[in-house]
Amino acid sequence: MTTRRDLLKAIPTVGTAFAVSGTVLLDDAVAHAQEAAPLDGHFHPKGKAPSQFTLDKLDEARRTLPFSDTQDFDEQKRGLIAEMPEKKIMADAGHVAWDMERFDFLNSDTDFDSIHPSMQRISRLNQNYGLYEVIPGIYQVRGFDLSDITFVRGKTGWIVIDPLVSAEPARAALELFQEHVGEGLPVTAVIYSHSHGDHWGGVRGVVDEADVQAGKVEIIAPRDFMEHTISENVYSGNAMNRRLFYQYGLLLPASPHGYAGQGLGQGVSAGAVGLIAPTRIIEDDIEELEIDGVRMIFQNTPGTEAPSNMNTYFPDMKALWMAENITGTLHNIYTLRGAPVRNPLRWSKYMSRALHLYGEEAEVMFYSHHWPRWGNDRLQKIMRDQRDLYAHMNNQVLHFVNKGVTINQIHNVYELPQSLKDKWHCRGYHGSPEHNSRGVVQRYIGFWDCNPATLIPLSPSDSAPLYVQMMGGSDAIMTKGRTLHDAGEYLLATEILNKLVQAEPNNRAAKDLLADVYEQIGYQQENPGLRNSFLSGAFELRSGIPEGDIPDPSSPDVIRAMSTELFLNFLAIKMDSRKVEGHEFTMNLITPDNGEKFLVELRNATLTNVEGFLSPTPDVTLTINRSDLEQTMAGEKELEAQLADGTAQIEGDPTILGVLAQAMVDFDPFFEVLPGTRDPHHVEAHSDAFEAVTGLPAIE
């Protein structure tokens, strides 16, 4: 039996579409089935050149965008101390954890005709790869991951802010820093600015947990950090993982026709993700601390770019750390991988508060992505622009909503003011005005456009055959689809070709034509997430969902950090309620080593739990130490084995656990997104009945 852990061996480095650590991902039969001669330089045998319509759109961007403003390039290279000599950083497991070599094509002077010139610009800016001085006493290593790692000089050592996604790049960053600046002084504290994984996942690369437990190193985080760090990756973790393949282009090769950067950084590292729980939580809205002799003022900003988030001001250095609340881009209000929609008005107000609390005196502003901004005038202008960016989107989208514009219209109606569009740091390199404006509508009034015809719609695969029939069949659709494609009417072409592919998933010609359309739309996108999503769709339509080993996205640290309640909530999601119709039971769960107790009930095909209560007349009682339960949660030891060796004890009806176990299903990490793309010989991954599968920590 193929277990999930057998299948999920290691997370793919972005861009390794055809091989990860030597493992072929495309089945030979699929690869050999491609008959079209490949476009010179394209990674796929069926890949197409940009059409004249795409070339014209990209040329218009080159003419109309403010490319004469090169201040970002001056600031990006300021303070360089040392470039990183090695292009590849190896993972402890033997594969490549980080590879900057794959982006060498971006270093040429070529204006690529398959990359939006604004996106190419941000990707070139993200080629910074080395150690930089922000101001004396504050340094950053950039280009080792999606995020940056920051070092602040303390009285006895170094304070690390946001230690990247995984341990190996963080360790390499620390080594480069120590070689040139660090003087061999220890890390005395780590600050997690917020709950996304690219701001804490590499912590084990910079500190030893034994030093944390001994009190030598503090780990500092904003309030509710652990709750949101874990919960965001659990309830919809498998779906979020699959969607992340599209937003982050995880299966696209890095190339002019494929993956060309992620906007916030060049990509996501593939090393070991770890988590050490905070030793100090910043609870107050504004809280001042002295850490290793450094005075810091923390500003909690919950519900902005992340549900748990904080800015930090260093008053003695006049340095303002804005975490990811401000970066060199419009960020996500709605994120394509899937997450609760953010509050742009609250986001804007927290920025305004930071401006008036700290920004009017600060001389440098730096963040967890991109590069710093120097000079009070410069940073005040950026703070006001960014404040207005989110406030305008919130207010004007709602202005149109109150005029009757729907979620299916707003992205074609709403526009940012020209004064913001002309600012590079307000361009849509992570969020886009199109998907963010729809997110605002979703946040306030939900998905329904108020047309009764769309209130309980048929599933696309059920409605599509009628559309195909009424349009005169597949031949007529293909003819019109080709005409629209050749006329550059790509969005119109998707309307009818998508219906045909939904109705006829095995129609190879239809999938190929839809892929050609997606590819052109992808080339035209300024936003990397939109580009990656369309190009990923084209890739899977042409080749199917690639099979093979990818990195195991789960982390033992994350599993251990999952609360028992969160684990029980996840089991209720993992359970197929149809398999327990007619069953009822009451179970007491007791974990003696941490003193927890839970009342778990199955009623109405629904599994519920409540902490702190026990039934006086349970059908079954399960007693297991939380430390042992974690082995089951991590898939290291089945609960049945725990019962057999006495690690766990059961009183009452033991068959109840069997009823529950048989109702648990496996979430396939390669579920089909586009019809007809799954390999008919696909083997689904298998997890243990009570294993908690968290997926890759949310990264942004």
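Numbers for residues simply follow the sequence, beginning at 1.
- Not less than 6.0 angstrom separates the ring centroid of Y132 from the ring centroid of Y139.
- For the residue pair E83 / N128, no side-chain donor-acceptor distance below 3.5 Å is found, with atom types taken as modelled.
- Here R280 pairs with E218 in a salt bridge; the nearest charged N to carboxylate O distance falls below 4.0 Å.
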Residue pair L164, D198: steps toward the side-chain contact (heavy atoms from CB on, under 4.5 Å) verdict
CA-CA 5 Å; L164 309 182; D198 47 325; over 6 Å; no

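- Enclosure of atom CZ in R378 by more than 12 non-hydrogen atoms of other residues, nucleotides or ligands within 6.0 angstrom is indicated.
- No donor-acceptor contact under 3.5 angstrom links the side chains of S308 and D224, judged on distance only.
- The backbone N or O of P433 lies less than 3.5 Å from a partner atom in the side chain of S437, making a donor-acceptor pair.
- Nearest heavy-atom pair across R142 and P372 is NH2-CD, 3.1 Å.
- Here the CZ atom belonging to R342 is positioned 9.5 Å from the CG atom belonging to N309, to the nearest 0.5 angstrom.
- Under the salt bridge (charged side-chain N to carboxylate O under 4.0 Å, His left out) test applied with D385, the options K421, R427, K423 reduce to a single match, K423.
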- Query: Given H425 and L389, is the side-chain contact (heavy atoms from CB on, under 4.5 Å) satisfied, shown in steps?
  - Reply: CA-CA 10 Å; H425 64 270; L389 180 64; over 6 Å; no

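- Residues D388 and S348 form no side-chain contact, since every pair of their non-hydrogen atoms from C-beta on lies 4.5 Å or further apart.
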Review point. Given D208 and K216, is the salt bridge (Lys or Arg N to Asp or Glu O under 4.0 Å) satisfied, shown in steps?
Key: CA-CA 10 Å; D208 189 321; K216 296 179 181 178; over 6 Å; no

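- A donor-acceptor pair shorter than 3.5 Å can be found between the side chains of T564 and R626.
- Between H331 and W347, the two ring planes are tilted [angle within 30° to 60°].
- No side-chain donor from either of E324 and H196 sits under 3.5 Å from a side-chain acceptor of the other.
- A donor-acceptor pair is defined here as one N or O able to donate and one able to accept, closer than 3.5 Å; such a pair exists between the side chain of N527 and the backbone of H430.
- With a 6.0 Å radius and a threshold of 12 heavy atoms from other residues, nucleotides or ligands, E360 has its CD atom above the threshold.
- Between I122 and E526, the closest side-chain pair of non-hydrogen atoms is not below 4.5 Å.
- Nearest heavy atoms, Q299 versus Y350: NE2-O, 3.4 Å.
- Taking every heavy atom of both residues into account, A561 and I230 meet most closely at CB-CD1, 3.7 Å.
- The backbone N or O of G303 lies less than 3.5 Å from no partner atom in the side chain of N343, so there is not a single donor-acceptor pair.
- Scored by the side chain to side chain contact (heavy atoms under 4.5 Å, CB included) test, E565 finds S563, N569, F598, N609, E611 as partners (sequence neighbours excluded).
- In this structure, the separation between CG on L336 and OH on Y248 is 9.5 Å, given to the nearest 0.5 Å.
- Stacking of R78 on the aromatic ring of W374 is recorded, both the 6.0 Å distance cut-off and the 45° axial limit being met.
- Note that the NE2 atom of H199 and the OG atom of S195 stand 9.0 Å from one another [nearest 0.5 Å].
- The backbone N or O of G265 lies less than 3.5 Å from no partner atom in the side chain of H370, so there is not a single donor-acceptor pair.
- When every heavy atom of M84 is checked against every heavy atom of A172, the shortest pair comes out as CE-CB, 4.4 Å.
- Both tests pass for R121 against the ring of W424: distance under 6.0 Å to the centre and angle within 45° of the axis.
- Side-chain contact between D148 and S368: absent, with no pair of heavy atoms (C-beta onward) separated by less than 4.5 Å.
- Interatomic distance, T70 OG1 to Q76 CD, rounded to the nearest 0.5 Å: 11.5 Å.
- Of the possible polar contacts, one joining the R438 side chain to the I407 backbone as a donor-acceptor pair under 3.5 Å is found.
- L65 and S118 get closest at one heavy-atom pair: CD1-CB, 3.7 Å.
- Taking the side chain as every heavy atom from C-beta outward, W158 and T188 never approach each other to under 4.5 Å.
- Taking 4.5 Å as the limit, some side-chain heavy atom of L357 sits within range of a side-chain heavy atom of I286.
- Checked by atom type, the side-chain pair N594/E596 shows a donor-acceptor distance below 3.5 Å.
- Between the side chain of Q386 and the backbone N or O of L330, no donor-acceptor pair lies under 3.5 Å.
- Formation of a donor-acceptor pair under 3.5 Å by the N395 side chain with backbone atoms of A391 is found in this model.
- Here the CZ-CE distance, from R337 to M240, works out to 5.0 Å after rounding to the nearest 0.5 Å.
- Considering only heavy atoms from C-beta on, P163 comes within 4.5 Å of V190 through its side chain.
- Residues W321 and T150 meet the side-chain proximity criterion, which asks for heavy atoms closer than 4.5 Å.
- Inspection of the E700 and T335 side chains reveals an N or O donor paired with an N or O acceptor under 3.5 Å.
- Between the side chain of D211 and the main chain of V217, no donor-acceptor pair closer than 3.5 Å is present.
- A donor-acceptor pair is defined here as one N or O able to donate and one able to accept, closer than 3.5 Å; such a pair exists between the side chain of D292 and the backbone of G157.
- Counting only N and O atoms by type, the side chains of Y313 and E361 include a donor and acceptor under 3.5 Å apart.
- Between Y129 and F144, the ring centre distance stays below 6.0 Å.
- Inspection of the D162 and S147 side chains reveals no N or O donor paired with an N or O acceptor under 3.5 Å.
- Neither side chain, N300 nor D284, offers a donor N or O lying under 3.5 Å from an acceptor on the other.
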Practice item. Could you walk me through whether S269 and L146 pass the side-chain contact (heavy atoms from CB on, under 4.5 Å) test, one step at a time? Key: CA-CA 7 Å; S269 69; L146 187 71; over 6 Å; no

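- Summarising the geometry, atom CE belonging to M562 is positioned 10.0 Å from atom OG belonging to S231; distances are rounded to the nearest 0.5 Å.
- A donor-acceptor pair shorter than 3.5 Å can be found between the side chains of Q380 and N376.
- Smallest separation of non-hydrogen atoms from M310 and I282: SD-CG1, 3.7 Å.
- Side-chain atoms of E168 come within 3.5 Å of backbone N or O of A272 as a donor-acceptor pair.
- Looking only at atom types and distance, the side chain of R373 has a donor-acceptor partner in the side chain of Y367 under 3.5 Å away.
- Taking 4.5 Å as the limit, some side-chain heavy atom of V440 sits within range of a side-chain heavy atom of P344.
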Open item on the list: Would E363 and L320 count as a side-chain contact (heavy atoms from CB on, under 4.5 Å) here? Give the steps.
Closed with: CA-CA 8 Å; E363 292 297 334; L320 178 56; over 6 Å; no

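- No side-chain N or O of Y429 forms a donor-acceptor pair with one of T327 less than 3.5 Å apart.
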- ring pair (Phe, Tyr, Trp, His ring centres under 6.0 Å) between F570 and Y235, worked out: CA-CA 6 Å; F570 174 72; Y235 295 147; 8.2 Å; no

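- One side chain, H435 or N332, offers a donor N or O that lies under 3.5 Å from an acceptor on the other.
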